[in-house]
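Working notes for the structure below.
Fair warning: this is a prediction, and the values are worked out from it, not measured in the lab. Just so you know, residue 1 is the first one in the sequence shown, and it goes up from there.
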Amino acid sequence: MGVLRLPHYPSLGSAAALDAVKVIHYAHPPVLLIYFSGALCATFWFQQKETRLARIIYRSAILWANLGVLLTYVLESVTLLSHSLVQPGWWAPEHTVVHIVSSILAWGVLHLCLIESPEPVWYPYWGSWILGLVGELSIILLSMKSEATAPQRSIFAATEFLLRYLRLVILLSLPILFWGFRKRSIVTETSNTDETAPLLGQTRTNEEYGAIVHIGNSDDEDSGKESEFQERARKRIEEGGWLEYAKSFKIFWPHIWPQKDRALQTQIALVGGCLVIERGLNVLIPMQMGRVTNALMAGGLAGHVPWMEVFFFILIRWLGSGAGVPALQRYLWVPIDQYAYRCITTAAYNHVMSLSSEFHTSKNTGEIYGAVQHGRAVTGFVEMVLFSVLPMLADLIVAFGYFYITFGIYMALIVTFTSCVYVWITSRLNRKRIDLRRKFTKRSRRETHLMWQSMSNWETVAYLNRIGYEQDRYSGAVKCLQEAERDFSNALLMLNVTQSATFTLGLLFASFLAIYQVTMGQRKVGDFVALLSYWAQISGPLSFFTNMYGRIQMHMLDAERLLQLMQTAPSVVTKPGAEDLVVTKGEVSFRNVSFGYDPRKGAIKGMNFQAPGGKITALVGVSGGGKSTCLKLLFRFYDVTDGAITIDGQDIREVTLPSLREQIGVVPQDPRLFNETIMDNLRYACLEANDEEIYSACRSAAIHDKILTFPEGYLSKVGEGGLKLSGGEKQRIAIARAILKNPKIVLLDEATSSVDITTERLIQQGLNKLATGRTMFIVAHRLSTIMHADQILVIEDGNIIENGKHEELLKLRGKYSELW
Ligand SMILES: Nc1ncnc2c1ncn2[C@@H]1O[C@H](COP(=O)(O)OP(=O)(O)OP(=O)(O)O)[C@@H](O)[C@H]1O
Ligand SMILES: [Mg+2]
C-alpha cells in the first residue's frame, strides 16, 4: 500500500490547519442541520410550492446519492470502530467522532425528509448539498495540510481517505443531477401533494358502511363540512401564510387573558414561576441523588453519615412530587382555566344566539352544540402548550446541557440521537394513528347521529314500520364503531412499544458509556446513578409526546370549528346608532319588497301594500305563495334584499332589533313549546306576569278550561316540543302567549288551522279582543276566519294578485273567489 503523500501548503501552519479542521468538524453538521430545518420551516410557514422549476428527472438518483453521502459517514464510523478494535488503546480524536456521528444524524434527517416528500420544495436540499460540499472540501484541503507532516500508512487511513473522496464526488454529482437534468414542462399545481393533503396531516378515508344502506347524507354532510372547513383554512393560509392563519385565532385572546383582573394576572405569573421551578427540580433531583451516592461511597464506610445531603434530597423530592410545586401550580391554574372556559363558552353561546334565522335553519343543531362546547378545545390547547410542549422542550434543552457538562459530548450525542429517532418514530406512527382516530370519531358521530335521528323521529319510524330496520342499522353502526376503536387502540399500543424500545436502546448506549467512564475513573459512581434517575425523569414527559401530538391536533381542529363559528357574522343586526322603534298607529307598509331564501330563486317579488294601523290585514293564497315569508320579513328573521318595510314610517332595518321584536307578537304556524310546565311556557312570554294575568290570557285564547282538565292543570309538563299537546292546544297556548306579550302588532300564521269550528269561534272572540287597537296580520287557509278582515291580500308566487275586502274580491271573480 502506497504512502499517501499530500501536497504541502506553506502559507498555513499545520497546527493552525488542525485547529481549523477541529472547528469545522464540530460546527459543520449543526450548521447544515440548522440551515436545513430553518429552510424547511420557511417552506412550511409560507406554504411554498415548487411551481416555477421544471420537474427534475432523476429524483430517485438524487435519493440514492443522498443515501450515498449518509452511507459514507456510516462506513467511516465503522472504519473508526474497527480501527479501535484492531489496535487496542487507539481512539479517534473526539472532533472526528463527533463530526461523523452528527453528520449521520444530519444526513439521516435530510434523507428521511426527502423520502417523505414526493415533490418537495428543493432549496432546503440543494442548499444543504452545497453546504455539505463546501464543508467537506474545506476539511479535505485543511487535512492535507495538517496530515502532510505525518502521513499515515494504514488500511484504515486509506479507507477513510477513499470514503472522503467518494463523498466529495457524490456531493459534486448531486447539484449536477439536480440542475443538469430536468424536464421542460412546468409542474402544475394539481400535482402538488400539499394541495391534496389535508391541512393537519390526516388522510381522508372514504368509508362505506358495508351492507347498511342509510337514508340521509349525514356522512357526506360531515365530510362536506370538513372539506369546506379545510378549504377555508387552506385559503386563509394561501392568503397570508401560517402567520395570518395563526393571527385569525387572536379573537380568542381577550377571552383567555384576563385583561382587567389583576389578581388573575398575578396568578398566571405565579404559574409561570412554578413551571420554571419544576424545570430546575427536574435536574436537581437526579443530581442530588448522585451527590448522596458519592457521599456514601466516600464517607459511608468511614462512619460519616451525609445527613444534610439526604435531607436536601428528600426535600426537593417532595417539592417536585405531586404534592409540592406541581400541586400549587394546579391549584393556581384552576381559576384561570375556569375564567377562560367561561369567557369562551359564553361568548360562543351569545354569538350563536345572536345569529340569524338563516344560520339556525341551515345548520345541524347537534353541530352547533358541539361547536359551542369546543370552548374546551381552546383552553385545552393553551394548557397543552403551556404545561406540556414548552416544559418538555425546556427539559430537553436542560437535559442536553446536563449530559454534555457531566458526561461530555458523546453522551449529549446519544441523547440527541435518541430524541430524534424517538420524535421521528412517534410522528410517523402517529400519522397513521390520527387517520384511525379520524375514522373512529367519524363512526362514533355516525352512531350518535343514527341513534339521535331515529329516536327523535320515533313516530315517523313507527308509521313507516321501520323499527326493525333501525335496530339493524344501529347495531351495524356500533359494530363498525368498535372495529375502528380496536384498530385505534392497537395503533396506540404499537406506538408505545416502539417508543419504549427506542428509549431502552438509548439508555443501553448511555449506560455503557457512563459505566465505561466510571470504570476508567473519569466519573464518579454518583454520576451514573444520576444518569439513570435523570433518564427515567425525562422519558416520562417525552412519552406524553404521543398523546400530546394527537391532542394538539384535535384541539386545533375543534378550535378551528369554534373559530369558524365565531367568524360567522349574523346577517340581521342592529345598525350602529339605531334608535328604538316607536309605534304610534302601527301602520305597516311593504314598499317594493323583494326577498329570496336562495339568491337564485325569489320568494317575494316586488311586493307593495299598506296595512293601516289598528286594522286587520289578511293574507291568503295557495300554499308556498310566500305568506309566512312576508311575516318573517316583518319580524326581521331575514332582511329584505330589495325595497323596504316600514312601521309608522320607520324602516325596520334602521331601528334596534329588540325594540322591533318587543312590539310584534307572533303565533307561528307550528308553535314550539319548551319541555316545561304549561305555566312556565306561558310565563316565558311575559316574565313578570302574575298567575291571574296568565289565566285571563288563557281564557281569551279559549284554553283555560281545557288546561284545568289536565291531571296537573297548569303544572302539567308538555313534553319535548309540546308533544303531549294536540296541535290545536299548542296553537291556543301560542295565542295566549301573544296576548300576554301585549304587542302593538300581531302576526297570526294559520293560528286557528288545527281547531274545530266551535273552538275557532271561541278563539275568534279572543282574537277580536286581542285585535282592538292593534295592527293584525292573519294568514289563513280557511277563508271564513278572515271574512271580516279590513283588507285581504291574495298572494301567489311572491306577489299580490288581488287586494280588497271580502265582498269586493268575490265580485272580481278572480283567484279569491276560486279559493272561497
Ligand atoms: N327557510 C327556508 N329556506 C328556503 N326556502 C324556504 C324557506 N322557508 C320557505 N321557503 C320557500 O319559500 C317559499 C314561500 O314559503 P312560505 O312559507 O312563505 O309559503 P306560505 O305561503 O306560507 O305557504 P303555506 O301556506 O304552505 O304556509 C316556498 O317555496 C318555500 O319552499
Ligand atoms: Mg306558511
Side-chain angles (χ1 to χ4, degrees), residues 216-217 220-221 224-225 228 231-232 351-365 367-368 564-565 567-575 578 581 588-611 617-647 650-657 660-661 664 666-672 745 747-750 753 777-781 791-803 814-816 819:
N217 57 347
D220 300 348
E221 218 173 78
K225 282 208 178 92
E228 176 204 325
E231 204 48 55
R232 278 172 60 126
H351 184 75
V352 168
M353 290 304 272
S354 76
L355 284 175
S356 326
S357 176
E358 204 168 85
F359 175 85
H360 287 276
T361 46
S362 64
K363 290 278 168 164
N364 181 337
T365 337
E367 186 154 326
I368 304 175
Q564 196 191 8
L565 183 72
Q567 282 174 338
T568 315
S571 54
V572 176
V573 283
T574 300
K575 275 193 183 167
L581 173 73
V588 175
S589 32
F590 273 53
R591 281 192 252 125
N592 271 324
V593 171
S594 294
F595 170 76
Y597 292 99
D598 187 311
R600 290 166 297 186
K601 184 177 171 283
I604 303 288
K605 302 161 186 167
M607 195 180 273
N608 265 305
F609 71 85
Q610 199 151 25
T617 301
L619 310 177
V620 299
V622 288
S623 181
K627 304 176 294 290
S628 301
T629 308
C630 281
L631 303 189
K632 282 181 192 159
L633 287 176
L634 180 57
F635 196 68
R636 259 195 106 191
F637 260 0
Y638 302 90
D639 268 343
V640 298
T641 38
D642 214 1
I645 301 174
T646 60
I647 297 177
Q650 302 150 75
D651 190 326
I652 56 169
R653 283 168 299 182
E654 305 295 333
V655 296
T656 58
L657 202 53
L660 172 76
R661 293 191 176 163
I664 301 178
V666 183
V667 180
Q669 206 162 358
D670 169 33
R672 309 281 297 174
I745 299 166
L747 315 180
L748 303 175
D749 197 344
E750 307 265 352
S753 59
F777 286 84
I778 302 181
V779 173
H781 278 146
Q791 170 180 234
I792 299 170
L793 310 173
V794 183
I795 293 177
E796 195 174 282
D797 198 19
N799 261 315
I800 298 175
I801 50 167
E802 285 166 28
N803 179 356
K815 191 81 192 173
Y816 184 78
L819 291 169

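Between T574 and L657, the shortest heavy-atom distance links the atoms OG1-N, 3.0 Å. Between Q791 and A611 the shortest heavy-atom distance is NE2-CA, 3.9 Å.
Two residues are said to be in side-chain contact when any heavy atoms from C-beta on lie closer than 4.5 Å; D749 and K627 fail this criterion. At a threshold of 4.5 Å between non-hydrogen side-chain atoms, the residues N608 and N592 count as touching. A 4.5 Å side-chain heavy-atom check between V588 and F777 finds at least one atom pair inside the cut-off. Residues L619 and L631 are in side-chain contact: their nearest non-hydrogen atoms beyond the backbone lie under 4.5 Å apart. Contact of the I647 side chain with the L634 side chain is registered, since non-hydrogen atoms from C-beta on lie closer than 4.5 Å. Counting only heavy atoms from C-beta outward, the side chains of V640 and I604 never approach each other to under 4.5 Å. Inter-residue side-chain proximity for I795 and M607 is flagged as met; some heavy-atom pair is nearer than 4.5 Å. Counting heavy atoms from C-beta outward, K632 and Y597 have side chains that approach closer than 4.5 Å.
For the pair D639 and R653, the salt-bridge criterion is not met [side-chain N within less than 4.0 Å of a carboxylate O].
For the side-chain contact (heavy atoms from CB on, under 4.5 Å) with V620, the lone residue among I792, L793, V779 that qualifies is I792.
For T646 and S589, the side-chain atoms include at least one donor-acceptor pair closer than 3.5 Å.
Under the side chain to side chain contact (heavy atoms under 4.5 Å, CB included) criterion, T361 pairs with S357, Y638, not counting sequence neighbours.
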